[in-house]
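Chain letters run A, B, ... following the sequence lines, proteins first and then strands; every chain starts at 1. Just so it is clear, the structure is predicted and the values come from calculations on it, not from any experiment.
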Amino acid sequence: MSNAEPSVSEQHEIRLQKLEELRKMGVNPYPFSFDVTHTSKQILENPDLIKKDDQADEDAPQVSIAGRVMTRRIMGKSAFFNLQDSEGTIQVYIRRDDIGTEEYNTVFKKLTDIGDVVGIKGHVFVTGTGETTVFAKEFTFLSKALRPIPIPKEVEDEEGNVKVYDAFSDKEQRYRQRYLDLIVNPEVRDVFRQRTRMVQAMRDFMNDKGYLEVETPILQPIYGGASARPFVTHHNALDMQLYLRIANELYLKRLIVGGYDGVYEFSKDFRNEGLSRFHNPEFTQVELYVAYKDYNWMMDFVEALLEHVAIELHGTTKVTTGGHEIDFKRPWPRIPMFEAIEKETGKDLYGKDLEELKRIAAELKVELEEGAGKGKIIDEIFGEYVEPKLIQPTFITDYPIEMSPLAKKHRSKEGLVERFECICNGKEIANAFSELNDPIDQRERFEEQARLRSEGDEEAMALDEDYLRALEFGMPPTAGLGIGIDRLAMIMTNSTSIRDVLFFPQMKPEAN
RNA sequence: GAGCCGGUAGCUCAGGUGGUAGAGCAACGGCCUUUUAAGCCGUGGGUCGAGGGUUCGAUCCCCUCCCGGCUCACCA
C-alpha cells in the first residue's frame, strides 16, 4: 500500500486514542457476540417488565439490550443515555455504584462516545418524569465508533410536536453514506421497510395465485423487451460481447412457451441513459406473464394487486403522495388513448397520417425530434397533454402499433395494439399487453424495428432469432405486465425522488 | 446534455464589498447519583470544494474544473 494515511479529524484522532486505552485496560472494543433478549420496542410495549415497588432489583424481570449510544447526560456518579436499536430508542440509566468505579469512570464516562455500540443488562423501571428506562447493572462494549455521528436534536413542545434541529440533511452525504443516514434519520429506515413490505405484498399476492417466481439471465447476448440503450460488457472466456438486460420480457415468455401458466420475476434492469429524479441506471421491475389471458384480464389483476398493496401498507386504499390523495380502490377508469387525447386537446388523432400528425403537433406546440414517426408523435402529445393530469390510477388503453412491437394487434381497431399503461400521480407505473404470439407477425415487427435501427434509432429492438423460434413452437395466448417497483415505491412512501427509495443510488465518485 | 442554486469545524449554518473566520450541537478538562436539546465553568478544533490568475496579501475578486440539489429534455 503506497497510499498515505488519510488525514483524520481531531475527534477521530481522540477516538483512536480511546480505542488504545480500552485495549490496554483489557477491554475488547470489538468482541464477538452479545446475547440480546429484548428490543427497545418490546420493552416499551410491555409494562409487565417494569419492576414492582416491592421487588428487589435482581428479582425484577431482567433484560439484555444492545444498540448505539445516541445521547449522553452525565451527572457525576450516574448518567442517562439513549440507546438506539433496530426498532427504536430507549433510555438507559447507569450508576457508578452498580457497575463498578473503573467500569463507570473510565470505560463508560471517559471512553464511551456517542455512536458506540454497547450492550446493557439490567431491569426496567420508570423515572420520575415517567420515562420507561433500563437500569444498567452490566455494561458491555460491542463496537467502538471512530468517526463522530451527526446528532440531530429533537425537542417536543407542549402540543407534542417534535422539532428537529441540526438534522443530518445534506442530500449528497445522505446518499453517499446511506449507513449514516439510516442511523440518524429513523424515517429513512421506515421508507425502506415499507419498500420491502410492498414487494413482499406483491410477491404474496402472485404466489397465492399460483404463479412461479423465476430467475432469468441478466447477461444477455441480445438485449430486448424494451426500447432503451444498454450497458455493454465482455465475457473473457467466451470472448463475446454481452449486454446487461434492459428487460426480461423475452425470457419470461420463453418460459410460457415451455408450459408454465404464470411466471414472474422481480428484476434489476439496466438502461444506459440519463439520471434524474425518476431515473437510475439500474432499477427494479416486476414482470408477470399469465397464459390464456388477455389485457382486459390483466387490468382487473393490476387493480386488485395495487389495491391489495395499498391496504397492506397503509391499512386503506388511500395513499397520500406528492400533495395528492390517491385512491387505489377498484375499479379504475379505462380510457382508450385516442379518447384521452381528444378530451384534453380536442384533436382526434385516430387514423391520421404522418403529415397530419405533424401539423397537429405543431398546432399544439409539441416539439418533435427529427424524423419522429407516427407512434412517437402521438406519444409526445399524450405525454404533454394527458399524462400529467392523471393523478388517480387510470388505465390508458389501445396504443399505436408503431410503439409496441411485442403487443398483439387490437381485435377490432385497425392500427392499434392491445396494450395498456396504468398512469398514477402523472407517471406511468405499469405497462401491459395481450402478448403477440403470432410468430410471423412478430418477425415482421422485428424487421420493422431493424429498419428503424438502420435509420439511426438506437433504441429500436434487435431481432431475436431464438425468441422467434420459441414462438414458432407455439405460445398460448398470454397477458404480460411490467410494473416499475421504484416508482411505485415512491408513490407508496410519498418520496419525491427515486434516490429516496434506493439504498445506494448511482452517484459520481467523490472528488478527493 | 441545458438553466438556476449550492459546497465554510464531525453535523446544521452565520459571516466577510481582499488583511487567513464565528454560533449551536458534537469533542476535550472540571463540577454534578432520576436527566432528557440536561445544567454550570473553562479549552481546543478549519489548506472556507480543487487548480490557476490578479494582488504586497485571496476564503472573499476573475477564470477553469470537480461534486451535489432543483428544473427542463430522453427514458421506467
Margin query: If you go through the side-chain atoms of T127(A), does one of them form a donor-acceptor pair with the base of U35(B) closer than 3.5 Å?
Written below: yes
Base of U34(B), side chain of E131(A) - is there a donor-acceptor contact under 3.5 Å?
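When only heavy-atom distances are counted, E131(A) does not reach the base of U34(B) through any donor-acceptor pair under 3.5 Å.
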Looking at F135(A), is K51(A) sitting on its ring face, NZ or CZ under 6.0 Å from the six-membered ring centre and within 45 degrees of the normal?
no
All ring-ring contact (aromatic ring centres under 6.0 Å, His included) counterparts of [X], not counting sequence neighbours:
X	result
F503(A)	F192(A)
Y251(A)	none
Y104(A)	F108(A)
H38(A)	none

Item to complete: By nearest nucleotide on RNA chain B, pick out whichever of Q91(A) and I14(A) is the more 5' one.
Response: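 It is I14(A), whose closest nucleotide lies nearer the 5' terminus.
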With salt bridge (Lys or Arg N to Asp or Glu O under 4.0 Å) as the rule and sequence neighbours excluded, what pairs involving residues 488-500 of chain A come up?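 Applying salt bridge (Lys or Arg N to Asp or Glu O under 4.0 Å) to every pair that reaches into residues 488-500 of chain A, excluding sequence neighbours, yields nothing.
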**Study point:** Modelled atom types, side-chain donor and acceptor of N105(A) and R96(A), under 3.5 Å
**Key:**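 No.
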Is there a side-chain polar atom (N or O) of [X] under 4.0 Å from OP1 or OP2 of [N]?
X	N	value
R147(A)	C11(B)	no
K171(A)	C70(B)	yes
R73(A)	A38(B)	yes
R277(A)	U71(B)	yes
R95(A)	C32(B)	no
Q11(A)	G45(B)	no

Look at all strands and tell whether [X] reaches a base, only sugar-phosphate, or nothing, counting heavy atoms closer than 4.0 Å.
X	result
E282(A)	nothing
R72(A)	nothing
D486(A)	nothing

Between atom [atom1] in [X] and atom [atom2] in [N], what is the gap in whole Å?
X	N	atom1	atom2	value
I498(A)	G69(B)	CD1	C1'	16 Å
R15(A)	G44(B)	CZ	P	21 Å
Q177(A)	G68(B)	CD	P	14 Å
I183(A)	A26(B)	CD1	P	18 Å
H12(A)	A9(B)	NE2	P	18 Å
Q506(A)	G68(B)	CD	P	10 Å
R176(A)	G69(B)	CZ	P	8 Å
R174(A)	C67(B)	CZ	P	21 Å

Across all chains, not counting sequence neighbours, the salt bridge (Lys or Arg N to Asp or Glu O under 4.0 Å) partners of E384(A) are none
Let me confirm one number: the CG-CZ distance from L305(A) to F301(A), rounded to the nearest 0.5 Å.
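Going from the CG atom of L305(A) to the CZ atom of F301(A) covers 5.0 Å.
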Side-chain donor-acceptor distances from residues 73-80 of chain A under 3.5 Å, at least two apart:
from	atom 1	to	atom 2	distance (Å)
R73(A)	NH1	T71(A)	OG1	3.2
R73(A)	NH2	N82(A)	OD1	3.2
R73(A)	NH2	Q91(A)	OE1	2.7
S78(A)	OG	Y93(A)	OH	3.4

Nucleotide of [options] approaching [X] most closely (side-chain heavy atoms):
X	options	result
M75(A)	G69(B), G10(B), A38(B)	A38(B)
T133(A)	U35(B), U12(B), C70(B)	U35(B)
K110(A)	C70(B), C13(B), G29(B)	G29(B)
I74(A)	C11(B), G29(B), C32(B)	C32(B)
E10(A)	G45(B), G10(B), C32(B)	G45(B)
F125(A)	G29(B), C28(B), U34(B)	U34(B)

Apply side-chain hydrogen bond (donor to acceptor under 3.5 Å, both in side chains) to Q194(A) and R197(A), showing your working.
CA-CA 5 Å; Q194(A) 292 261 64; R197(A) 283 175 55 211; 3.2 Å; yes
- [ ] Please list, chain by chain and in numerical order, all residues satisfying side-chain hydrogen bond (donor to acceptor under 3.5 Å, both in side chains) with K121(A), sequence neighbours excluded.
- [x]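 K121(A) satisfies side-chain hydrogen bond (donor to acceptor under 3.5 Å, both in side chains) with no residue once adjacent residues are dropped.
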Review item, nucleotides 1-8 of chain B N/O atoms under 3.5 Å of protein N/O:
none

Residues touching RNA chain B, which here means a heavy atom under 4.0 Å, drawn from residues 50-58 of chain A |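 The stretch gives none, as no residue of it lies under 4.0 Å from the strand.
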Identify, residue by residue, the members of residues 264-274 of chain A with a heavy atom below 4.0 Å from RNA chain B, and return them in order of residue number, or none.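 Per residue number, the list reads R271(A), E273(A).
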Donor-acceptor contacts, no H, no angles, side chain residues 388-398 of chain A, under 3.5 Å, sequence neighbours left out:
from	atom 1	to	atom 2	distance (Å)
K389(A)	NZ	E344(A)	OE1	3.0
Q392(A)	OE1	D327(A)	N	2.8
Q392(A)	NE2	E325(A)	O	2.7
T394(A)	OG1	Q392(A)	O	2.8
D398(A)	OD1	Y295(A)	OH	2.5
D398(A)	OD1	H410(A)	NE2	3.4
D398(A)	OD2	H410(A)	NE2	3.4
D398(A)	OD2	K413(A)	NZ	3.0

Between the main-chain N or O of K52(A) and the side-chain N or O of Q55(A), is there a donor-acceptor pair closer than 3.5 Å? yes
